[in-house]
*Asks:* 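First, the structure itself, so that you have it in front of you.
Residues: numbered from 1 along the sequence shown.
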Amino acid sequence: MTAESTPEPGIPGEAGRGPRHRRERGRRKGLLVMAWTAAGIVILGGTGAGYLYFKLNGNIRSVDLNQALGTDRPGKADNGSENILVLGSDTRSGANRRLGGGTDDGSARSDTAMIVHVYEGHKKAAVVSVPRDTLIDRPECTDTRGVTHDAAHGVMFNSAYSTGGAACAVKTVESMSGIRMDHYLEVDFAGFEKLIDELGGVEVTTTRAIDDPDSHLELAAGTHTLTGEQALGLVRTRHGVGDGSDLGRIQLQQAFIKALVEQVRQVGLFTSPKKLYDLADTATKAVTTDSDLGSVKTLMSWAAGLKGIKASNMHMVTLPVRYDPADPNRVVVLETKAQQVWTALENDRPIPREATEGNATGEADGVVTAS
C-alpha cells in the first residue's frame, strides 16, 4: 500500500496546528538528538579503554544507504562541508512503549527531522528543522523488505520514514532539497531519556511558566536542570506554550538542543571512567547510523571533527512553511524561500535572513534558552 492509502500511524493533524487545534492525544513525542550526543565516545581513544571497543561497536545499528539508494543522487561537495539527516525515532516496541504509549506494534515513525549542514572548516553549522506534517512529494521508495512503493504527491513528510525507513527518508530529503545527505543519524525515545540522565541533566532557562498535563511537564519560569523525563516532556509539549502547533514545539526543541550541545562539550568525562563508559554505552545503543559511521572507530573520528562547533555557532531555522489553507492541521512549503535555504547550503553559505522572515513559526521562540 502507498502512503496515500495507508492511514498515517501517528496522531491525525499533529503538526501545523493553529490556535484552533489544541487537543493532545497523550502520546509522547520523539526528539531528534543532534549528532553531538555521541561526542562522549570521542574521548575513548585516549582513555586506555580500547578493550571496550568491541562491546560498544556491537551496540551500533547501521543502514547501508549507498546500496539502498544507488548512484542516482546529488553529488558530494568537494570543500569539506557535510550534510547530515538527523531523525528522532518514535518506536512502539520495548522500552519506548513505556515512554510513548500506544500499541506495541513494533513499528517506528520519524517524529522530528533536522538537516544539519556543517560548513567548511567544521566550526559552524546550520540546522533546518522539517515539520513532520509538511506536505511534500515523496519519490518512489523501496522498503527494507524489498517492496517498492510508488511515488506519492501531497503526503506528509514523515510518511517517507514509515513507508520505506531510513533510505526513503534520505531519498525524500535529497529530492526536496537537491542536496546530498552525507550521513544519517537516528535516535530513539528510551536512549534519549537515559542519555540525558547519564549526562547529569541539561540546564535550561524558561522565560515563562510551562504547565502541560498531557506531557506531564510543569516548570516555573526560571533555571532548571532537566532530567531525562523532564527533557522528553519539554520537547514534546505543544499546549504549554506558543500556538499549540508542532512549529512551536520545534522552537523548543531547537533551544533545548543548543543547551544539550553545550552540556556535552562541558561535561567532565575525563574525571570519571565509569561516567565515560556509561555515556558511550548509552549513546551507541541509542543511535542508528549510515554504514559509513557504523563502527565506534568511524563514529569517534567523525564526532571528533564536530567538537569545534559551539551552540553559538549553530544557526537553527525551520523550513519555510505556512499553514495549509485547506487543512490547518498541515503545513505547506514556501517554495521560493525554501529554495533560498537549499541554495545557501549547497553553496556552503549562510542562510539568508529573508528566507526565515514572515513564515509560520509556532510562537514559542525565546521561551526556552540555554543557561
Side-chain angles (χ1 to χ4, degrees), residues 2-3 6 8-10 29-35 37-38 59-74 76 82-94 96 100 105-118 127-132 134 136-152 155-177 179-192 283-295 298-299 302-303 319:
T2 65
T6 305
E8 176 66 14
K29 293 300 160 199
L31 169 72
L32 123 84
V33 181
M34 298 283 293
T37 59
N59 290 342
I60 303 173
R61 293 160 292 181
S62 63
V63 179
D64 190 343
L65 295 177
N66 293 326
Q67 180 178 7
L69 298 180
T71 58
D72 187 18
R73 303 175 63 188
K76 290 186 177 182
E82 289 185 321
N83 298 297
I84 307 106
L85 176 61
V86 188
L87 294 184
S89 171
D90 176 13
T91 306
R92 283 291 177 238
S93 58
N96 285 338
D105 58 9
S107 63
R109 298 131 186 145
S110 72
D111 259 11
T112 314
M114 290 185 180
I115 298 162
V116 181
H117 177 80
V118 180
V127 182
V128 182
S129 295
V130 182
R132 52 167 296 187
T134 305
I136 55 93
D137 293 336
R138 176 180 54 75
E140 179 185 278
C141 289
T142 301
D143 64 26
T144 55
R145 298 168 300 172
V147 177
T148 298
H149 300 264
D150 292 338
V155 297
M156 293 189 295
F157 171 78
N158 72 337
S159 71
Y161 184 87
S162 58
T163 298
C168 189
V170 171
K171 187 175 183 179
T172 299
V173 168
E174 291 184 344
S175 176
M176 290 170 55
S177 65
I179 300 171
R180 187 186 184 96
M181 296 297 106
D182 299 290
H183 293 298
Y184 172 82
L185 187 75
E186 177 185 327
V187 181
D188 68 14
F189 267 171
F192 167 73
T284 50
K285 287 177 179 176
V287 299
T288 299
T289 72
D290 63 280
S291 56
D292 288 344
L293 298 179
S295 71
T298 55
L299 192 58
W302 178 68
L319 180 69

*Asks:* My understanding is that only residues two or more places apart in sequence, or in another chain, count here; which of them pass side chain to side chain donor-acceptor pair (under 3.5 Å) with S62?
*Replies:*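 Listed in chain order: nothing, the list is empty.
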
*Asks:* side-chain contact (heavy atoms from CB on, under 4.5 Å) with R61: which residues, sequence neighbours excluded?
*Replies:*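 If we apply the side-chain contact (heavy atoms from CB on, under 4.5 Å) test to R61, skipping adjacent residues, the hits are D188, T288.
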
*Asks:* Hey, what do you get for CG (L185) to CE (M114), rounding to the nearest 0.5 Å?
*Replies:*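 If I round to the nearest 0.5 Å, the distance is 12.5 Å.
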
*Asks:* Can you sort out the partners of T71 under side-chain contact (heavy atoms from CB on, under 4.5 Å), two or more places apart, ordered by chain and number?
*Replies:*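 Result, side-chain contact (heavy atoms from CB on, under 4.5 Å) vs T71: none returned.
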
*Asks:* Can you list the residues that meet the salt bridge (Lys or Arg N to Asp or Glu O under 4.0 Å) rule with E174, with sequence neighbours excluded?
*Replies:*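 Salt bridge (Lys or Arg N to Asp or Glu O under 4.0 Å) list for E174, sorted by chain: R73.
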
*Asks:* Say you draw a straight line from CG of D182 to CD1 of I84; how long is it, rounded to the nearest 0.5 Å?
*Replies:*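 Going from the CG atom of D182 to the CD1 atom of I84 covers 7.5 Å.
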
*Asks:* Is there side-chain contact between D292 and N66, with heavy atoms separated by less than 4.5 Å?
*Replies:*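 Yes, their side chains come closer than 4.5 Å.
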
*Asks:* Backbone N or O of S291 within a donor-acceptor pair of the D64 side chain at under 3.5 Å?
*Replies:*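 Checked: no pair found.
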
*Asks:* Residues in side-chain contact (heavy atoms from CB on, under 4.5 Å) with S295, at least two apart?
*Replies:*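 In terms of side-chain contact (heavy atoms from CB on, under 4.5 Å), with neighbours along the sequence ignored, S295 is linked to Y53, N57, K297, T298.
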
*Asks:* What pair of heavy atoms forms the shortest contact from E82 to H183, and how long is it?
*Replies:*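 Shortest heavy-atom contact: OE2-NE2, 3.5 Å.
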
*Asks:* So, do M176 and L319 sit near enough that their side-chain heavy atoms are less than 4.5 Å apart?
*Replies:*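 Yes. Closest side-chain heavy atoms under 4.5 Å.
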
*Asks:* Which residues pass the side-chain contact (heavy atoms from CB on, under 4.5 Å) test with N59, not counting sequence neighbours?
*Replies:*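 With sequence neighbours excluded, N59 shows a side-chain contact (heavy atoms from CB on, under 4.5 Å) to L56, D281, T284, K285, given in chain and number order.
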
*Asks:* Give me the atom names and distance for the closest heavy-atom approach of Y184 to L65.
*Replies:*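 Nearest pair, atom of Y184 first, then L65: CB-CD1, 3.6 Å.
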
*Asks:* Write down the atom of A160, the atom of R138, and the distance for their closest heavy-atom approach.
*Replies:*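 Minimum heavy-atom separation between A160 and R138: CA-CD, 3.7 Å.
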
*Asks:* Would you please test T172 and Y161 for side-chain contact (heavy atoms from CB on, under 4.5 Å) and show each step?
*Replies:* CA-CA 9 Å; T172 299; Y161 184 87; over 6 Å; no

*Asks:* Just so I know, are the side chains of V287 and V187 near enough to count as touching, which here means a heavy-atom distance under 4.5 Å?
*Replies:*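 Answer yes - side chains close enough.
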
*Asks:* So do the side chains of F157 and V173 get within less than 4.5 Å of each other, counting heavy atoms only?
*Replies:*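 Sidechains of V173 and F157: in contact.
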
*Asks:* What is the minimum heavy-atom distance between A113 and L87, and which atoms define it?
*Replies:*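 Between these two residues, the closest heavy atoms are CB-CD2, 3.3 Å.
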
*Asks:* Tell me, with the steps shown, if L85 and I115 meet side-chain contact (heavy atoms from CB on, under 4.5 Å).
*Replies:* CA-CA 5 Å; L85 176 61; I115 298 162; 4.2 Å; yes

*Asks:* If I take atom OG1 from residue T289 and atom CD1 from residue I60, how far apart are they, to the nearest 0.5 angstrom?
*Replies:*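 Rounded to the nearest 0.5 Å, the OG1-CD1 separation comes to 6.0 Å.
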
*Asks:* Side-chain contact, heavy-atom cut-off 4.5 Å: V128 with H117?
*Replies:*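 Answer no - side chains too far apart.
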
*Asks:* If I take atom OG from residue S162 and atom NE2 from residue H149, how far apart are they, to the nearest 0.5 angstrom?
*Replies:*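 Here the rounded value is 9.5 Å.
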
*Asks:* Do you know the tightest heavy-atom contact between K171 and C141?
*Replies:*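 Scanning both residues, the minimum pair turns out to be CD-SG, 4.4 Å.
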
